[in-house]
Amino acid sequence: MLVLVINSGSSSLKYQVRDVEAGSVLAEGLIEKIGMGNGGGGDGEIEGPRDHAEALELVDAAIHEALGGQVFHAVGHRVVHGGERFAEPVLVDSEITRAIERLNPLAPLHNPAAVLGLRAIAQKWPELPQVAVFDTAFHRTLPEHAWRYAVPDELYTNHGIRRYGFHGTSHDYVSRQAAALLDVPVEEFDAVIAHLGNGASVTAIRAGQSIDTSMGFTPLEGLVMGTRSGDLDPSILVFLARAGWSPEDLDTMLNRQSGLKGLAGNNDMRSVVEAAEAGDAKAAMALAVASYRLAKYIGGYHVAVGGAKALVFTAGIGENSHQFRALVADRLGALGVELDSVLNLERSRDPRVISTPRSAIPVLVVPTDEERAIAEATAAVVNSGR
Ligand code: AMP
């Protein structure tokens, strides 16, 4: 089955056409500056498409050329927030689209764009099955003691304030790949998965299910990220609000100016590692803060899962930065974790073990592939008529 995978951002649209059975990518691309190119465009500015419908026309033209007459059979959408309702991928109809739209307040930057994408495709190709695959869905198995915040109950009942978790498609895919590599049935797999990209989260897997994860109500909680702070004392926000910071100021500071960027002046892990190696003290401290935070989560989740059978690194940093993996592993001596320094240095696109045979917990690098996971989930839903 050929599946068009769509990842709609507020001003961008990423797409891939995947052959699910062959596991191949037939076309891919990125449309940017949606809704930004008209009216006020300055000198020399390239005009972007007016809206998501117009962006789809560009996608259609590009795909048409790349597929040379073949047609795709379904569309799979990455949807960031599935709230409490969606625990698995679903076939989309207008009621489902409205349900996703009702979740807009929980993911104001992401869900509205997904809704635009769903509606634009329903209009352009009304016969084509569309499937929504949610970033939160894999974490619907969190027990209540893990998803509750210790705040007045009405914040949950009236406002939906609880931990939801994100990156679920990746954590799900990577944990299944890791279980397969270790030859453990996924329903018996206990592990800690660290998805370390520009956004980063770590998940506790017990019996193949997510039982805790570091992102919470929004993708801000938890680890030190490229530009996001992760955990901090909430009183800091009260303190700053009293000092005159607006909600927008706080949002910008926490989501765009913090993390590696706030500590080291750069959100790109490669640059931060290079700067630290060249003797930059701020960069070295940023790496120390980020690796220490992650090591604390790994220790906690090792307890949460009752003894992890694997520690798995994935996404841009997890797959590529042997330096950052080594910094984290160095802090895990108490768990008996021991990296093989040669295996850790090896570069590969394959899932692999990078710990020594003596390591109490095997450490793995497993490349993530969210588009592949979305395409496979879409095909499964369409084939089952769910
Ligand atoms: P992602 O969001 O998964 O694309 O990951 C982006 C992050 O991965 C950025 O911080 C990059 O600096 C980091 N990254 C990508 N390639 C490398 C590499 N070869 N070495 C270190 N970090 C890398």
Side-chain angles (χ1 to χ4, degrees), residues 9-12 80-81 105-111 135-136 139 149 151 161-167 170-171 194-203 212-278 280-301 313-318 320-321 323-325 327-328 331:
S10 54
S11 65
S12 67
V80 166
H81 219 303
L106 292 178
L109 296 179
H110 293 102
N111 273 33
D135 260 20
T136 49
H139 302 301
Y149 289 114
V151 292
I161 293 180
R162 52 159 285 178
R163 313 184 66 255
Y164 292 98
F166 298 88
H167 288 148
S170 176
H171 286 294
H195 175 114
L196 311 176
N198 210 12
S201 67
V202 54
T203 291
D212 205 351
T213 191
S214 59
M215 285 178 168
F217 179 59
T218 72
L220 180 57
E221 193 177 349
L223 303 177
V224 177
M225 310 184 210
T227 61
R228 288 174 238 164
S229 63
D231 298 333
L232 43 70
D233 182 341
S235 296
I236 295 167
L237 309 184
V238 179
F239 175 88
L240 292 174
R242 287 189 181 129
W245 290 50
S246 70
E248 287 68 31
D249 294 338
L250 293 171
D251 191 55
T252 303
M253 183 272 287
L254 292 171
N255 280 298
R256 298 182 194 281
Q257 299 170 341
S258 294
L260 296 178
K261 179 140 193 238
L263 291 170
N266 195 314
N267 66 302
D268 190 286
M269 180 56 90
R270 256 169 310 203
S271 310
V272 176
V273 167
E274 278 167 23
E277 286 172 349
D280 181 328
K282 284 189 175 165
M285 184 48 62
L287 295 178
V289 175
S291 60
Y292 176 67
R293 178 91 52 89
L294 175 54
K296 282 203 294 188
Y297 267 98
I298 292 169
Y301 286 177
F313 287 99
T314 191
I317 297 166
N320 296 301
S321 183
Q323 297 96 333
F324 191 71
R325 290 193 301 252
L327 285 172
V328 176
R331 298 183 186 279

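Side chains included, hydrogens not; waters and symmetry mates left out as well; all remaining heavy atoms used. Predicted model, so just to flag it, every value in this text is computed and none were measured.
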With F166 via ring-ring contact (aromatic ring centres under 6.0 Å, His included) - residues at least two apart: H81

Is any side-chain heavy atom of M269 less than 4.5 Å from a side-chain heavy atom of Q323? no

Using atom types as modelled and distance alone, determine if a side-chain donor or acceptor of S258 lies under 3.5 Å from a backbone N or O of M253. yes

Under a 4.5 Å cut-off applied to non-hydrogen side-chain atoms, are Y301 and S214 in contact? yes

When you measure from the centre of the six-membered ring of Y164, is the NZ or CZ of R162 under 6.0 Å away and within 45° of the axis? yes

For F239, does the CZ atom have more than 12 heavy-atom neighbours from other residues, nucleotides or ligands under 6.0 Å away? no

What I'd like to find out is whether the side chain of D212 reaches to under 4.5 Å of the side chain of R163, using heavy atoms alone. yes

For F217, does its backbone N or O pair with a side-chain atom of Y149 as donor and acceptor, under 3.5 Å? yes

Using a 4.5 Å cut-off on heavy atoms from C-beta on, say whether the side chain of V272 contacts that of L287. yes

Exercise: do D249 and S246 side chains pair donor with acceptor under 3.5 Å: yes

Within the side chain of S235, is there an N or O that forms a donor-acceptor pair under 3.5 Å with the backbone of V238? no

Could you check if a side-chain atom of V80 sits within less than 4.5 angstrom of a side-chain atom of N111, using non-hydrogen atoms only? yes

As an exercise, state the distance from CZ of R228 to CG of L260, rounded to the nearest 0.5 Å. 11.5 Å

Those residues at least two apart in sequence (or on a different chain) that pass side-chain hydrogen bond (donor to acceptor under 3.5 Å, both in side chains) with N255 are D251

Show your reasoning for whether side chain to side chain contact (heavy atoms under 4.5 Å, CB included) applies to L223 and L196. CA-CA 9 Å; L223 303 177; L196 311 176; 3.9 Å; yes

For Y292, what residues pass the side-chain hydrogen bond (donor to acceptor under 3.5 Å, both in side chains) criterion, not counting sequence neighbours? none

Let me know which of T213, T203, D231 forms a side chain to side chain contact (heavy atoms under 4.5 Å, CB included) with Y297. D231

